Amino acid sequence: MIEINSLRPLTGEGKRLFIETYGCQMNAGDSEIVVSIMQDNGYRYTEDVNEADIILINTCSIRDNAEQRIWGRLSAMRQLKKRKPSLIVGVIGCMAERLKEQLIEKGTGVDIVAGPDSYRSLPELARTAEDGSKGINVELSKEETYAEIAPVRLDRNGVSAFIAIMRGCNNYCAYCVVPYTRGIERSRDPQTIVAEARTLFENGYREVTLLGQNVNSYSYGEVGFPELMAMVAQISPLLRVRFATSHPKDISDRLLEVMASYDNICKAIHLPAQSGSNEMLKKMNRKYTREWYLERIAAIRRYMPDCAITTDLIAGFCGETLEDHQATLSLMREVGYASAFMFKYSERPGTFSARHFADDIADEEKTRRLNEIIALQNQLSVESNEAEVGLIRQVLVEGTSKRSEEQLCGRTSQNKMVVFDRGNHSAGDYVTVKITGCSSATLFGEEIFE
Ligand code: 5AD
Ligand code: SF4
């Protein structure tokens with residue numbers, strides 16, 4: 001059996017590696033694996049871009065603006081190279097997978113291109129680049145999960161960490177580039193996941209978030225996602241367990257049952273709806289209807305009346321009528337989301353919708369619809385926070401509040417941020433707090449002594 005039995009410290013003597021991460025939490029986790037691999041090959045991690053010998057940019061392709069940002073960073077890198085010609089610049093992650101050779105053509109200044117499944121070859125690619133050639137590997141894999149690689153934790157709040165439990169995605173939502181950039185779905189050996197979570201706990205961490213594009217389809221031998229959650233929750237009642245992201249089509253009663261039966265499994269579910277219109281859901285290839293989605297919401301509420309529900313929404317998908325848009329707004333009201341990530345549809349080359357549907361909603365109209373969605377969500381977020389006032393919640397302290405040294409901040413099981421007076425607490429403590437007030441983004445509380 002493979003054991004991940006120690007937290008990897010930052011070490012290394014050799015050339016200095018700087019890594020910049022964009023996009024989702026999966027990418028943040030991948031960067032920690034990359035640092036681990038590079039460290040094993042003698043590179044030393046640095047937080048100072050100016051002292052770097054090699055800079056890796058871990059990229060996102062989910063929307064066009066994400067890629068535009070990376071092009072901007074690459075132009076800044078070319079400036080750095082003028083001052084330091086030996087500097088190696090690599091593009092890794094989703095954009096590397098999507099654009100492949102195009103990233104090293106036409107004076108981009110890029111020396112290395114590595115897709116999400118080829119990080120083990122990064123040291124070799126770096127050597128190729130140091131010898132003056134271009135290093136590229138964008139092979140996708142059916143098996144790679146980096147299961148036994150202990151990530152070097154870069155976040156370092158020391159309380160809360162992410163654990164990737166699977167990679168890739170088989171859902172092929174019509175708008176989404178992820179199945180093309182991150183390959184097919186595969187699950188990681190549960191023993192390595194539990195070992196990683198236990199190591200984090202033994203090193204003072206108090207919360208782990210299990211990550212995958214669609215965690216509900218986690219499957220390894222006999223172990224499905226509900227069983228995996230239970231295994232991780234059993235490490236200690238003091239270790240909180242979260243997960244992201246669920247697909248509404250297969251969030252099961254069995255999972256809700258397991259969530260409800262462990263106090264340390266957090267009462268928060270991120271359930272991306274994308275749209276409230278059946279017409280749009282069908283075109284998006286989401287494989288559920290509005291009615292199915294609302295039934296799942298009702299099931300969540302049955303099992304866990306105090307579970308917070310959050311979502312992702314897309315405005316202005318191909319052919320979206322005003323009626324479809326209204327259906328999204330009414331779904332939002334009906335569910336009463338605690339918060340949401342809201343986006344304008346962005347056509348991604350190669351996806352089903354790019355190949356088959358016209359991106360026919362004008363950009364100003366997308367913006368207008370998105371703004372309506374955002375305004376409604378602000379209102380719903382305030383209502384959701386106001387409903388917390390007067391309640392007593394367990395808060396896991398993450399650190400000092402941004403506003404004042406005298407105050408701490410931490411999250412409730414529902415994943416809401418609470419700010420309260422420090423008392424004699426520090427990061428990693430559980431504190432019982434009475435919620436006394438709120439803004440749209442934060443709760444304010446007072447410690448209570450039982
Ligand atoms: N355009 C806009 N939003 C998108 N998302 C995924 N692909 C696109 C796209 N092409 C959103 C979805 C998904 C989240 C991670 O990003 O809402 O849930
Ligand atoms: Fe993550 Fe998706 Fe962006 Fe890739 S495209 S980095 S999977 S958000």
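This one's a predicted model, so the numbers in the text were calculated from it and none came from an experiment. Hydrogens, waters and symmetry mates are skipped; everything else that's a heavy atom, side chains included, is used. Position 1 is the first residue of the sequence, and the numbers go up from there. Just so you know, ligand 1 is whichever comes first in the structure, and atom 1 is the first atom listed for that ligand.
In this structure, Arg69 fails the cation-pi test against Tyr22, since its NZ or CZ atom is not both closer than 6.0 Å to the six-membered ring centre and inside 45 degrees of the ring normal.
Nearest to atom 13 (C) of ligand 1 by heavy atom, out of Val178, Ile62, Asp312, Thr311, is Asp312. Ranked by closest heavy atom to atom 10 (N) of ligand 1, the top entry among Ser353, Ser346, Ser275 is Ser346. With atom 12 (C) of ligand 1 as the reference point, the heavy atom nearest to it among Arg348, Gln274, Lys344 is part of Gln274.
Between Ile57 and Met77 the shortest side-chain heavy-atom distance falls below 4.5 Å.
Of the heavy atoms in Phe343, only side-chain atoms (C-beta onward) come closer than 4.0 Å to ligand 1.
Any N or O atom pair closer than 3.5 Å counts here, and Arg63 shares at least one such pair with ligand 1.
Paired with Phe357 under the rule ring-ring contact (aromatic ring centres under 6.0 Å, His included), one option of Phe352, Tyr345, Tyr175 passes, and it is Phe352.
Taking both residues in full, the closest heavy atoms of Ser413 and Arg242 are given as O-NH1, 3.0 Å, listed atom of the first, atom of the second, then distance.
Annotation for Glu124: atom CD does not count as buried by contact number, only 12 or fewer foreign heavy atoms lying within 6.0 Å.
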